[in-house]
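To keep things clear, I will list the structure first and then write my remarks on it.
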Amino acid sequence: MAQVSLQKVSKSFPGNVWAIRDINLGIESKEFIVLVGPSGCGKSTTLRIIAGLEEATEGSVYIGDQRVNDIPPKDRNIAMVFQNYALYPHMTAYENMAFGLKLRKYPKPEIEARVKEAANILGIEKLMHRRPRELSGGQRQRVAVGRAIVRKPLVFLFDEPLSNLDAKMRVQMRMEIKKLHIRLQTTMIYVTHDQTEAMTMGDRIVVMKDGVIQQIADPINLYDKPVNRFVAGFIGSPQMNFIKGTITKKDTKLYFNEGNFQVKMIDAMAPKLASYINKEIIFGIRPEDIYDKLFVSYASSENTIRANCEIIEPMGSEVYLHLNTGRNPIVARVGGHDRPTINQDMDLVFDMAKVHFFDKDTDNTIV
């Protein structure tokens, strides 16, 4: 297995268009790392530079101890799984999986053994005689993954491999890829725009925006300790609520004042917020940290607000409530049986130990 390292890697296209800028990223051997971000953020370009399908304008790429900038893709000992499967339509599943090994002049018995082993791992032994048009989307993706497995590469690269599948198949395939990583113990780099895929699959997640890495962290730390407003809003569904307001001080206590409501800060946050007194600031709270007052024993006037329920989205075991404070829309994620009526005024309790604050001008996290 191999480490992968990107050192000050940038990529520009004609017209002085920079796809990525100054990417520094170290990926450990056997790690499953996910690059995530909105379309156009540079995650696929980064993957293609690792693969050798794009040339870095600046910086160095290492696989193991070897600098690979000038090494062609076929000699990097990597295997890539694409979004569109990239299977040869006139070949059977077996032939597609064996093709790369045949080009490399592997002995026929070894080819057969490797293909059989990969088919067994993926549970597609009975599909080996079929051509791509005779396979479902999920089956085609398994064949594409199998073609990568037979190579026994140092590094697997996945470029949004599940985006063409339906929702149910995506859930199944992401679990299969994760189990495959556990079984093969190989370095895997996975690109997606889906934050749910990133959170459920990655040992660590790299969040990108506009060609720049915003944060690298494991899923829990990324969720609980976002470094800025972009990461806080991108990770989590429904996304974090962001509310503009002002920090005020009364006696020795600090409050967040939205205009139509006021809530008291917990004492531990006060030192980091002291310089923002009487200044505009961004308050952030996740939907699951907002509760109906009827079901909360620790509710008080200092952490309770009133909002009007505008839309209800039943999701089975939980409900998304779309509310309005009179100045700001907010979303609360509550239990499936907690269903107010449309246009009902509700008393809501904020878990003040879990709120975040962001600088209005920089969007960086304050606390």
(Q) Would you say the ring centers of F350 and F283 fall short of 6.0 Å from each other? (A) yes
[X] side chain vs [Y] backbone, donor-acceptor pair below 3.5 Å:
| X | Y | answer |
| --- | --- | --- |
| S12 | V17 | no |
| H356 | N228 | no |
| Q185 | I182 | yes |
| N241 | I285 | yes |
| T92 | H129 | no |
| R21 | S10 | no |
| R333 | S237 | yes |
| R76 | I71 | yes |

Considering residues, nucleotides and ligands other than [X], do more than 12 of their heavy atoms fall under 6.0 Å from its [atom1]?
| X | atom1 | answer |
| --- | --- | --- |
| K116 | NZ | no |
| D75 | CG | yes |
| Y88 | OH | no |
| E112 | CD | yes |

* Would you verify whether the NZ or CZ of K244 falls within 45 degrees of the ring axis of F242 while also being under 6.0 Å from that six-membered ring's centre? => no
The single option from K179, Q172, R174 that satisfies side chain to side chain donor-acceptor pair (under 3.5 Å) with E176 is Q172
From the list Q7, R67, K8, side chain to side chain donor-acceptor pair (under 3.5 Å) partner of S60 resolves to R67
Should [X] and [Y] count as side-chain neighbours, where that means a heavy-atom distance under 4.5 Å?
| X | Y | value |
| --- | --- | --- |
| Y85 | N164 | yes |
| D347 | R306 | yes |
| M352 | K264 | no |
| N343 | N308 | yes |
| V115 | M128 | yes |
| E288 | K354 | no |
| L35 | L25 | yes |
| I243 | T325 | no |

Intermediate values then yes/no, side-chain contact (heavy atoms from CB on, under 4.5 Å), M269 and L254: CA-CA 9 Å; M269 294 182 178; L254 297 187; over 6 Å; no
side-chain contact (heavy atoms from CB on, under 4.5 Å) for L294 and M346? Distances and angles first, verdict last. CA-CA 9 Å; L294 295 174; M346 297 181 65; over 6 Å; no
Check your understanding: Taking atom types as modelled and ignoring hydrogens, do the side chains of D159 and Q83 form a donor-acceptor contact shorter than 3.5 angstrom?
Key -> no
Hey, what's the ring geometry for Y298 with Y291, parallel, tilted or perpendicular (30° and 60° as the breaks)?
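Answer is perpendicular, since the angle exceeds 60°.
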